[in-house]
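What follows is one structure encoded as structure tokens, with my remarks underneath.
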Amino acid sequence: MSFEPKILGIACNWCTYTGADLAGTTRLHYPQNLRVVRVMCSSRINPSFIFRAFQLGADGVLVGGCHPGDCHYNTGNLYARRRLAVTKKILEFAGLEPERFRVEWISASEGNKFAEVVTEFTARIKELGPQQKLKIDELLEKI
Amino acid sequence: MTDFKQIENSLKREAKKLLESAEVPVVLAYARGYDEKHPMPFAAKSVADVEKIVFNEYCNFNMARYIMRFPDAAKIAVAAKAADSRAIVVLIQEEKVRREDLVILGISASGMKDPKTDQLIDSRTTGGLYNPVEYDILLGEEIRGQKIVSPYEVLAEYEAMDKEARWAFWKSQLDKCIRCYACRKACPMCYCDPCFIDQNKPRWADKAPQSPGNMMYHLTRFHHLAGRCIDCGECSRACPVDIPLYLFHKKVAKECEEMFGQAAGMKLEDKPVLVDFRVEDSDQILK
Amino acid sequence: MINKNPYIPVPVKVIKIIDEVDTHDIKTFRLSFLNKEDEANFKYLPGQFAEISIYGKGESPIGIASSPTEKGYIEFTVMRMGTVVPGTVTSALHDLDEGAQIGIRGPLGNSWPIEFLEKKNIVVVGGGFAFTTLRSLINYMLYEDNRKRFGEITVIYGARNPGLLLYKDELAAWQKRSDIKTIITVDKGDESWQGCEGFVPAVCKEIAPSPQNALTVICGPPVMIRFTLPVFFELGFSKENILTSLEMRMKCGIGKCGRCNVGYKYVCSDGPVFSLADLEELLRDFATYK
Amino acid sequence: MSRIGVFVCHCGLNIAKTVCVGELAHFAAGLPDVVVAKDYRFMCSTPGQDMIANDMREHRLDRVIVTACSPLMHEHTFRKVIEKAGLNQYMLTIVNIREQVSWVTGDVEEGTTKAKALLNGAVYRARLLAPLSSRVIDVNPDVMVVGGGIAGIQAALELANTGKNVYLVEKNSTIGGHMAQFDKTFPTLDCSACILTPKMDAVLQHPNITLLTYCEVSEVKGYVGNFDITVRQKARYVNHDKCNACLACTEKCPGKGISDWDEGLVKRKAIHIPFPQAVPQRPVIDRDSCTYFLKGKCRLCEKVCEQKAIDFEQHDSFLNFKVGAVIVATGYDLMDTRPLVQYGYGKYPGVYHALEVERLFNSAGPTSGKVTMRDGKEPQAIAILHCIGSRDKNHYEHCSRVCCMYSLKFAHLFREKTSADVYQFYIDIRAAGKGYEEFYNRIIEEDVKFIRGKGTRVAPSVDEPERLVVEAEDTITGKFVRLPVDMVVLSPAMVPRNDYKEIARLFNLSTDKYGFFMERHPKLAPLSTMSEGIFIAGVCQSPKDIPDTVAQANGAAAEALTIVSRQKMELEATTALINPASCCGCQNCVRVCPYGAPFFNEQKGVSEINEALCKGCGLCASVCPSSAIIARHFTNEQVLAEMEGLMEF
Amino acid sequence: MLKKISIKKISDLAVALMEKGTLLAPVKDAAGHNFAELKDQQQLDLNYYNTIVSPKTVFLPQKEDFIKYETGKPIIEAQSVDLNIKATFLLGVRPCDAKSFQIMDIHFRASGIIDPYWQQRRDATVIFGYAFDLDIPAQDADFYQTLGIGAADPEGSDVFMVKKGEDLLLGAVTPKGEEILAQLAMLGEGKPADKKYFEEYIKKGSQHQTRNMCLDPQVIAKKLEDIFHSGEFWQAQSAACLSCGICSFVCPTCYCFDICDDTLFSQGVRRRVWDACMFTDFTLEASGHNPRTQVYQRLRQKVCHKYSFHVRKYGVISCVGCGRCTKYCPVNIDIYSIIEDAMKA
């Protein structure tokens, strides 16, 4: 059977998560590979969450927040933008495909954008294939 | 070439003055270790101590990390080479120490050596600056006319690698890690105690020295030092298994400089880039 | 030690959980062994401890609160640790239900020196939560076959308020008995409180037990210990005759992991019970009395 | 070791058609720590809720997972349910399998698989949930209004009329603000004083309003519901209780100072009241122009004052007030046009700015309402230049919104009071407002000349040196215009009060790039700010006309009322908490928090969080390098655990 | 029994031992040599001074799994990870390191409760000690002489190896050694000349100069107790210390470990991993209280543990003067100098 990637989503409560709900209420279909964690603000996302997600076997990680300037907490996503940018560079230099980590600003009114992003991202991850690098394959791994 | 003896003498002279003038109870400098080649960081607390002070091409320790050890000292004098001074600037930016509480004895030096390899310490493994960016007294001549090589030049080779090769490289390197944590302890910017990796709520990674934990520890540490690492190379020199951590730190520093237009520890008035933002930051940086 | 491999716990079942205090952060867990042979091998004396083990959470060294004279089970009284961040193991324990299965390693450490105690008058002084292994000792001494082996028994036990006293029913029972003198005190009583009020040191001074052929066994918060010891020195108790039990971060519990040294002794294997005389000649950069 | 109950909702067919709910419940039952798992057609229905409550009791559940629609939909409902059944409301987890599963796929297998993953994540998370209790604080019922312009006055009166005590702080010696300087107001041309002074008087008379003129806020402590504000009462050197406003002093006083009130068009006495209808009707002595303070002798006022109200010994004093909410209405200044040398303001006496002209028209003004220029002559030709410094990328990009209208008003008044020709140099006329377009048309009728083109330069005329020439490009004819006039009126950009930085610092407000205070949300919360309990009204938020200002003032009053009208208020339960044992004192949290909740405790060397200010965004937790910050309900462990659960299958 | 083999043929020995079981010997990587299992006889390389990490890793691996468990499953289903150890040959152990095993034995198997993992590994292992090359001066950091260990000290080895020109002499030290040597057919018999050389080499070894001072365990132990509470002494000694874990991790006689549970997707393992008294969380209590926060306290604990507590408890100093801690210390703290100063203090 074809490769069904596991994609972890982390969405801010006020914009992207609501946007995702909107995608639902408007019955927009998109691939089911995404599993969303809800946080209050994209700025809550600790870079280590991203590393951990990949270690847990995520083939891709999608972070969603309010558009810069619309953050429910005013400036949260402006910090997040910088921090996550650095996270991406680190993953890239470590040798992971940077496309596996994506940050999108999706407002509460952009249900369609949410659906599009997920569809597109899932497709991209399928092309990339399974993420084996950071994934913890065996807990009892020897030194 | 730097006249180390001359710097040692002026270091002694200034230390003596300061300690006599009682306003400064501690002078952070270097003393002889178990042999010439292995000097040690040293805290001179009395005029008598001054005689123990040495300075030679192996005094490559970043003294900034010792500043916070004397919370109740009114004022601290610290011998600071280029990298040390940048570290100090970051500490001041982060309010770990107040500028007015420091007497920075700037040292312009080139030709420092790594005792392990006896190789020159230059822009390949460090920021490669010769002169301190911040000081009260400059010991020795400011070094001019030395050809400045970009500290990021060494990265070219690794940036050129394809992802798989680079992953293989870092995996093999980081798998060597025995988690002695010398890197973080040697780092003047790593002053957290406990460190996130020591936390058991949450346990970010297991304690055992194996891939997943090592990855989590190092990647996160690279992130914590983003925009703060002043590229002194101490982490790599401290590492008993020779992991070239400086490469990764350099890369992150380079990216930060390109994205946010600011190098760490160059200006007192700067704010560390990751606790700062500009509304006009471009979304391109996320692409 | 039960198991041939001292690092592997044996399975036990929680058969009873008693919520001891008003603040609900101290519970007594009654455990029974799943394997009979383990029970047989688990030979302990009052004052010893065991490593309670919950897979996925870790282990925690806890003094045995029951007396070896009680058969069919062992008891541990556990406080939920941690102020801001809860202690992993202790809070996991507190979340347990009767019937749950956990692991246990032990018995570990030395014990109250029973032979040394025999034929002597025993003054047991306890404060707050640190009464658990003392309770074990008292019940051991009160056991009918054992009682005659010991002289007079005086128990002085204090807590901040009545609601924080452990083993309330037992205390009541002891107070009814003639062969043991039980003084319960609280720093501050409430309207319903009949017993005496006042800090443990003061009460000790008041009771003034005789040092003649007597020794005292003290466990309590550091501050209580600090003020109680002088009282007993004044009364004429020698350092050899004042026993206490130390508390320290432990891991292996068998003197291998090198964590819990007090000077050259390991609290887990050479202790936790020490006489003041022992402690005198130990170098302590820290290690709080329990 | 927790006891979790899982309740799967069918939501009729909404969920059931693409998620195999039975299978899901069965899957849940097999997960560690799950003691009961059920599915039901409508969980949110009363029977559904009862089922949950009963199972909670029967199975002694300590955590509840409801697998249904979005938490944004029914989290509240179910929180109430478990609360009623005796469990802390935060022990609930909602799994969103409708909006984010059943409605976005057509494939039952896909849907069910994803639902399982989400549910598993929820179980992992639920294990680590901790009960939270929201702190309740007492709310001080009083309100402070900062700024005694029309906005402040309106807000103060509204609040006072509801029976609240209001402290109205004004830094000048009278309230009234800019509106009191005007003669007429557009578009109705009713007299400004006639509509304002009654309100000013009402303020003075109102039993619930404490009027604090000649005062400035000097320190703000505390948080919503409990602000602790220190106000500096500047020394007036006149005892207002004794003074009976005979104003004998002002006649005798030899000291001369610039009258800010008349925009410096005339001098006023050192001891003075700004204008006849000033409220309060009490003079103050201006140190900088007072002969006694300058030369050390004089004290004429003291001699003439029968009330013995003059008191040269007076000092600034500090007053302290406790209030529950604050309304900031600090208004605006006109941009200083001197730097725009091409317009020659301050260089050529013939050049005026808008507020000066307002005073010229005003019967209580320097010219008692007669339009005479600085040289005493009456102008024959007048040019009104719009958008000076505003709508200008080099200075202020924003439109000041009222200039078009008051320029039209000026035109009308000039035509009325003089025989001069009036020229409007404009980019375009913005007349969006009730009756505005009509007013515009009316002015056109009044034979005012409109030249569509921004005035680019004002210079002395070559052939008639005492006159001025206005240069502009007429964008209709495309011709370059050089128009000789006697008087030039500039309509400069409206900018925030010069002390806006200080105000922003005091009340922890953020400002936009011009210095106007930022509202919490440009559309949905235009009157509240990022600082809970601090509201903004009037031009300090952005340029606007009197009706809008008054409307905002009423709005702000209502907003403030929603806070101070309750005795107690509940604070966020999902706030952040710092574990002092792990804090390394790096103060990252202090630097990033938009609400100033974290602060550094010098003694302990660790940061702490003022939970009253915390909004629970979790930013601090993610910038904390030593993971010392616990973002309640979204702790690192909880998020990591949920991720683990989501990735397991 | 004395055997010999040409160093050119050394890989034959490797092959033979690899057939019999696991062969562990110093293997070179970028950073230097470390003991590792040989996969290929060509890896065997005797041109090293000493390894970075001490060979204690062989008996006390940095990570030792105890139990595998599954959360949510009954505890009885948890199963201990049994180590089925095959015969192991530890080849190329320097005399000081060989000595360290004896010191560790006291702790792990000769007193109190026996550590089964250490014991089984020790029993299954034959140690081929290897004399330092006496033609090369000892490194500055070394001071094993101070601990009464010679550069060619066979004590602690089962078989002791000495280089003689192109040959390697292998002398049996213990019955275990006898046994294995007897089985190794490719080895030649040692001639009387070899025997003479072998014995003299060992004697010469004791003369081989390292840093040296006269050190009586009881005296230093007492001395350290006396100055234990002298704040300024320890403050001064620890002025440079970073409190990292290098010294403990490379040390042949540091045995402190932590026990922790690692769980992922409810699959878990309880294991022990090395710990170090220099680490913050070494003494961090559940309450969040940490009694040993100062660097000087940690350094004091380390030094006193090795030179005082261990003497009091087990009668011997738990240090063999291999100099690793000094060599790898990022700030060149030198335990030898500390002991010197302590004696003077």
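In what follows, chains are A, B, ... by sequence order, proteins preceding strands, each numbered from 1.
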Could you look at [X] and say if it's the side chain, the backbone, both or neither that has a heavy atom under 4.5 Å from chain B?
{"X": "Ser238(E)", "answer": "backbone"}
{"X": "Arg211(E)", "answer": "side chain"}
{"X": "Ala236(E)", "answer": "neither"}

Pick from [options] with the largest number of heavy-atom pairs that fall under 4.5 Å of chain B:
{"options": "Thr326(E), Asp275(E), Thr293(E)", "result": "Thr326(E)"}
{"options": "Ala276(E), Ala239(E), Cys247(E)", "result": "Ala239(E)"}
{"options": "Ala30(E), Pro330(E), Ala240(E)", "result": "Ala240(E)"}
{"options": "Val250(E), Val273(E), Val331(E), Thr280(E)", "result": "Val331(E)"}

> Between Pro194(B), Cys195(B), Ala43(B), Ala208(B), which residue shows the highest count of heavy-atom pairs closer than 4.5 Å to chain E?
Replying inline: Ala208(B)
> Among Gly33(B), Pro39(B), Cys239(B), who wins on heavy-atom pairs under 4.5 Å with chain E?
Replying inline: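 Of the candidates given, the most pairs with chain E belong to Pro39(B).
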>> Please verify the inter-ring angle class for Phe108(E) with Trp118(E); under 30° counts as parallel, over 60° as perpendicular, anything in between as tilted.
In response: parallel
> Relative to Phe42(B), does Lys52(B) satisfy both conditions: NZ or CZ under 6.0 angstrom from the six-membered ring centre, and within 45 degrees of the ring's axis?
Replying inline: no
> How close do Pro55(E) and Val93(E) get, heavy atom to heavy atom, and via which atoms?
Replying inline: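 In terms of heavy atoms, the two residues are closest at CG-CG1, 4.2 Å.
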